[in-house]
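What follows is a short report on a single structure.
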Amino acid sequence: MANILLTNKCVRACPYCFAGQEMAQASAFLSWENVVYLADFLLASAHSRVSLLGGEPTLHPQFTDILVYLLERGFTVTVFTSGIMSKTALTELAAHVAALPPERLNFVCNLNNPAQTDTLKSETHKLHDFLAALGPRTMPAFNIYRSDFDIGFIFELVARFAMKKRLRLGIAHPIPGAANEAITVADIGAVIERLCSFRAAFEQSRVRPSFDCGFPLCRITDAELGWLVRLTGRADFKCTPAIDITPDMQVYCCFPLSSLNRRSIYDFDSFNAVVAYYRSLQERIRGDIAGIYAECGACVHRAERTCAGGGVCQLVNRLTNENPARLRTIENEHQACLPQ
Amino acid sequence: MNTRLVCPNDAALIGRLARRALCVRVTAPQDIAAAAALARRHNSLVCVICETASLEDIEVSGDWQGIPIALAVARTGPFRRLAAKLKGLRALNLRVYLPCTTDALVGARLLASVGVPVCVTLDPAAAMDWEALADLMTYALLNIARHAPIEPFQTMADGWRPAERGEDWGRALFDDPERYLHVAASGAVALSARELAAGEFVGDVCELDSPRLKQRVDERKERWRELFLENHFCARCPSWRLCRGRFSAGKTEPDGCAEFFGEAAEIIERARAKSARSPTWQA
Ligand code: SF4
Ligand code: SF4
């Protein structure tokens with residue numbers, strides 16, 4: 001799916017932020033001309049699903065207009081938001097999406113636990129206003145950046161605001177060259193253990209956990225896996241390239257890899273060519289390092305593709321720290337590959 | 001003369017006309033249906049031209065079915081306020097005319113991309129964002145996805161002859177005296193909307209078929225020769241063939257117009273090459 005970054009601005013300062021490097025640049029907002037170009041480009045490539053991201057996408061001065069436009073063009077839209085927006089913007093947004101079928105538009109709301117992450121009271125109020133207006137369209141999301149994380153507050157929010165009963169869980173990955181708070185490979189076992197300690201809350205609320213990329217299958221016990229599959233019907237341990245398109249029409253694959261083989265969207269004839277280009281970059285990287293653990297190389301789950309061997313960003317981070325010259329070589333070799 | 005008359009929705013004036021092809025001007029959208037009915041009583045209706053402030057304020061009416069409408073607005077308004085009207089607009093025989101302001105050019109692209117035909121009014125008297133205009137023309141003729149026509153670029157492309165005098169694309173803007181004459185409520189006739197507004201008349205509706213009026217039109221069509229006699233900068237302009245000095249008035253040197261029309265000719269050539277590579281199947 002294409003992730004369109006409407007702006008690089010955000011009002012929060014999450015300690016784990018993966019988009020920090022983007023946001024450090026001068027304010028940028030996607031122009032209308034580029035919105036139209038991207039809509040045409042994606043539809044011509046037979047892609048009718050988009051995600052709107054930022055920074056905080058709702059900070060784009062024409063956010064509601066762009067959203068309504070993409071819906072008019074036939075897209076199914078997912079908006080990744082903090083839910084923190086002005087009352088006027090929220091009222092306007094809610095009014096324009098009220099009549100839409102739920103499958104056409106949903107929100108993924110990135111929640112921080114105010115007890116563990118600095119959060120202004122006013123932000124919490126705004127978040128609650130957002131959830132009061134759009135809770136039933138909204139899936140909670142949580143980024144794990146410390147191994148003593150607490151997600152208890154999310155179950156309360158889901159019940160209070162009738163949110164979607166699926167919790168998107170992401171591991172905050174280290175950004176190569178940045179100082180974001182993140183989970184190291186060594187911490188992952190503790191993270192999974194901590195997550196499973198919320199089992200009762202998940203079962204009681206019937207909220208299903210859903211894993212973003214980078215979770216390793218082998219650090220989950222058979223009992224935990226059985227519980228997960230019973231509750232959710234499936235459990236994924238994948239890492240697939242998410243294509244991010246910046247307000248100035250550059251593309252890269254995943255925030256943590258934003259400095260790697262960045263190109264202009266105009267270099268490509270179709271969105272499929274963009275996906276193929278970054279998929280082959282990932283394969284190059286995985287050709288050098290099979291996975292986050294030494295066992296990944298010979299692992300049957302990796303061979304059978306039931307586990308990706310962790311997130312490619314974790315592998316890039318390792319290369320950055322251990323063998324930066326090799327990473328540059330991979331990047332240069334790939335840069336020379338013209339998109340098909 | 002078989003010219004179309006652009007006239008106000010004035011019962012007395014229209015009463016003086018019969019068996020003419022009329023473009024009737026109104027300023028209130030709610031007058032469109034009545035104006036069309038009045039014009040059709042004794043004349044044929046080319047279209048109703050409705051000039052109003054913003055597209056967002058217009059209530060699309062079911063009475064407009066079957067009426068060709070040129071809806072001239074100063075701006076489109078925010079897209080969120082247009083969305084509910086789009087289905088209605090697309091179902092009509094309607095084209096939205098917009099000025100060449102930066103916002104209106106964006107509005108034109110948005111409307112075309114959602115299937116509403118548009119025309120941007122290239123106005124020599126207004127400041128032009130030539131770069132934005134060239135960008136819109138590229139979108140109009142070379143885009144990767146289908147959209148509604150964007151005038152006057154389509155007419156420019158259709159009439160372009162690289163090695164000879166092409167057709168005047170001004171007709172897409174009602175600005176071609178061979179095709180459109182502009183009539184005041186008094187019956188006075190002008191060769192363009194600009195001259196009508198300035199009170200510069202060349203005759204009266206009672207002379208419509210007279211040789212004198214025809215001569216005035218012919219003179220106007222050949223006025224470009226003066227630029228050559230005066231050795232005006234337009235006479236040396238490489239983009240002359242497409243523009244014909246349309247933007248020459250009041251200028252001492254080209255202000256981006258020459259560059260734009262040069263690029264416009266290239267865009268047209270590229271569009272032709274593209275359609276030649278993928279010709280439409282013919283039975
Ligand atoms: S591929 Fe690596 S991370 Fe995945 S299950 Fe195998 S050893 Fe574990
Ligand atoms: S483009 Fe400018 S310089 Fe060239 S003919 Fe037109 S008005 Fe004259």
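Each chain gets a letter, A, B and so on, in the order its sequence line appears, and its residues count up from 1. The structure presented is a predicted model; accordingly, all values stated were derived computationally and were not measured.
Contact of A:Glu33 with chain B is made through backbone and side chain together, with heavy-atom distances under 4.5 Å. No part of A:Gln62 comes within reach of chain B, as not one of its non-hydrogen atoms sits under 4.5 angstrom from that chain.
Residues B:Asp158 and B:Trp169 fail the side-chain proximity criterion, which asks for heavy atoms closer than 4.5 Å. Looking at B:Leu98 and B:Val73, their side chains come closer than 4.5 Å, going by heavy atoms from C-beta outward.
Atom SG of residue A:Cys109 and atom CZ of residue A:Phe161 lie 10.5 Å apart, to the nearest 0.5 angstrom.
A:Thr7 and A:Glu56 share no side-chain donor-acceptor pair at under 3.5 Å. Defined by atom type and a distance below 3.5 Å, a donor-acceptor pair is present between the side-chain atoms of A:His47 and A:Asn272.
Listed by sequence position, B:Pro78, B:Phe79, B:Arg80, B:Ala83 are the residues of residues 74-83 of chain B in contact with chain A, using a 4.5 angstrom heavy-atom cutoff.
Residues forming a ring-ring contact (aromatic ring centres under 6.0 Å, His included) with A:Tyr37 (at least two apart in sequence, or on another chain): A:Phe41, A:Tyr266.
Considering only heavy-atom pairs separated by less than 4.5 Å from chain A, the leading option among B:Ala132, B:Ala84, B:Ser113 is B:Ser113.
B:Phe260 and B:Phe247 have their aromatic ring centers separated by at least 6.0 angstrom.
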